[in-house]
Number of protein chains: 2
Amino acid sequence: MGWAAVSAGEEVRLKLVEAEEPEDNDYHLQEQVGFILRKAHQRHVAIFAAHIADLTPPQFAALAKLHDVGETSQNQLGTLIAMDAATVKGVIDRLKARGLVELSKHEVDKRRLLVNLTVEGREAVERLIPLARGITEETLAPLSAKEAATFMRLLAKLA
Amino acid sequence: MGWAAVSAGEEVRLKLVEAEEPEDNDYHLQEQVGFILRKAHQRHVAIFAAHIADLTPPQFAALAKLHDVGETSQNQLGTLIAMDAATVKGVIDRLKARGLVELSKHEVDKRRLLVNLTVEGREAVERLIPLARGITEETLAPLSAKEAATFMRLLAKLA
DNA sequence: TTGATATCATTTGCATACGAATGAATTTGA
DNA sequence: TCAAATTCATTCGTATGCAAATGATATCAA
């Protein structure tokens with residue numbers, strides 16, 4: 001308890017208050033959703049790296065989404081994979097440097113920079129997708145199938 | 001469906017296969033736990049920033065943990081808040097620059113760098129903890145109380 | 001039509017995040 | 001005891017991640 005040192009009369013008052021407001025006086029960082037979310041994310045990234053060493057999760061997300069939707073503008077891709085413009089630029093730059101994507105200018109709208117998979121990029125995604133399924137599985141491994149389904153449903157509500 | 005273009009006989013085979021293996025041929029990024037985890041974390045950080053503008057979640061985590069356990073070594077603090085040595089150093093450096101923590105050398109073990117809250121740091125944490133509770137609440141707001149409890153239980157298992 | 005807005009992309013600056021290498025200090029174990 | 005292993009901290013390099021400012025282009029509306 002957090003009030004062990006108070007007088008007997010004070011204890012009574014605090015107990016009554018706690019009956020209405022079940023909150024503990026202490027703040028427990030490890031019980032806060034943000035803190036655990038950060039740790040769960042860290043764990044996932046570590047699992048990802050153990051299976052796919054030469055690509056980061058954001059890089060793979062970009063490739064997988066391009067594989068899914070085909071050529072799109074850099075900005076639109078960012079929207080699809082939840083990355084802001086500055087971040088997606090860096091990711092695409094690095095994928096381009098490795099020959100996995102290629103860039104071209106939109107014919108009509110000269111503001112847009114189109115991004116597409118190269119043949120190498122397509123081969124890479126298709127080779128990696130089975131591994132990615134394994135990463136999802138391993139990340140969820142601490143949960144039973146039923147728990148995992150519940151977790152995914154609730155997590156999706158939060159995100 | 002993913003096999004609309006196959007022959008009627010092929011459809012039957014695929015249906016039988018799918019009965020055993022419910023996996024779709026497509027890979028859906030937005031259904032992968034890592035992708036949603038990243039988005040949920042992003043949302044939390046945004047909520048945090050809206051309530052506590054002058055501190056990041058890792059910085060607050062460091063202060064809150066120091067408030068909880070008192071003086072510790074930089075490395076030990078990192079363990080407690082799930083940050084590696086290189087990351088925690090940056091966080092502590094910035095908190096020190098703002099006068100919220102102070103550093104000293106361990107008398108016995110000369111390798112250790114002790115970190116402690118300053119008076120200002122202590123005041124800041126105590127002022128911010130109520131806001132942090134609100135951040136946790138708002139992050140979980142899309143869930144009912146029961147759902148939130150379930151989610152926290154499962155999330156803790158994953159992290 | 002044209003002036004105000006909006007969109008797309010880039011750049012800069014700051015803050016995590018982590019692997020790897022390094023050096024200093026401590027602990028372990030043969 | 002003393003060499004090997006471990007621990008603590010620092011530094012470097014790379015990669016997100018986002019706010020804010022900027023410039024180019026496109027769209028909207030009076």
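Below, read A as the first sequence line, B as the second, and so on, with proteins coming before strands; counting in each chain starts at 1.
- Residues meeting the side chain to side chain donor-acceptor pair (under 3.5 Å) test with B:K89, sequence neighbours left out: B:D93.
- In this structure, the side chains of A:F35 and B:I81 come closer than 4.5 Å at one or more pairs of heavy atoms.
- Side-chain contact check for A:V91 versus A:M83: some heavy-atom pair is nearer than 4.5 Å.
- Non-hydrogen atoms lying under 4.0 Å from DNA chain D are contributed by A:T56, A:P58, A:Q59, all within residues 52-59 of chain A.
- For the side chain to side chain donor-acceptor pair (under 3.5 Å) test, no residue two or more places apart in sequence or in another chain qualifies with A:R153.
- Residues from residues 94-113 of chain A with heavy atoms under 4.0 angstrom of DNA chain C, sorted by number: A:R111, A:R112, A:L113.
- Listed by residue number, B:R38, B:Q42 are the residues of residues 30-48 of chain B with a heavy-atom contact under 4.0 Å to DNA chain D.
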Quick one: side chains of residues 54-62 of chain A, donor-acceptor pairs under 3.5 Å with protein atoms, not counting sequence neighbours, listed by atom name and distance.
residue: A:T56; atom: OG1; partner: A:Q59; partner atom: N; Å: 3.2
residue: A:Q59; atom: OE1; partner: A:T56; partner atom: N; Å: 3.1

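- The side-chain contact (heavy atoms from CB on, under 4.5 Å) search around A:E120 returns A:L100, A:T118, not counting sequence neighbours.
- If you check residues 66-88 of chain B against DNA chain D, the residues with a heavy atom closer than 4.0 Å are B:S73, B:Q74, B:N75, B:A85, B:A86, listed by number.
- Annotation: side chain of B:D109 is in contact with side chain of B:H106 (closest heavy-atom distance under 4.5 Å).
- Taking 4.0 Å as the cutoff to heavy atoms of chain B, we find the contact window on DNA chain D bounded by D:dT7 to D:dC18.
- With a 4.5 Å cut-off on side-chain heavy atoms, A:H44 and B:R38 do not count as touching.
- Scored by the salt bridge (charged side-chain N to carboxylate O under 4.0 Å, His left out) test, B:K65 finds B:D68 as partners (sequence neighbours excluded).
- Remark: side-chain polar atoms of B:D84 are paired, donor with acceptor, to backbone N or O of B:A86 under 3.5 angstrom.
- The side-chain heavy atoms of A:Q74 and A:R112, taken from C-beta on, include no pair separated by under 4.5 Å.
- Through direct or relayed side-chain contacts under 4.5 Å between Ile, Leu, Val, Met, Phe, Trp and Tyr, B:L158 connects to A:V33, A:I36, A:L37, A:L140, A:L143, A:F151, A:M152, A:L154, A:L155, A:L158, B:V33, B:I36, B:L37, B:L140, B:L143, B:F151, B:M152, B:L154, B:L155.
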Result block: side-chain N/O donor-acceptor pairs under 3.5 angstrom for residues 123-130 of chain B, not counting sequence neighbours:
residue: B:E126; atom: OE2; partner: B:H67; partner atom: NE2; Å: 2.9

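- At distances below 3.5 Å, not a single donor-acceptor pair connects side-chain atoms of A:Q42 with backbone N or O atoms of A:K39.
- Side-chain atoms of A:I92 and A:V101, non-hydrogen and from C-beta on, do get closer than 4.5 Å to each other.
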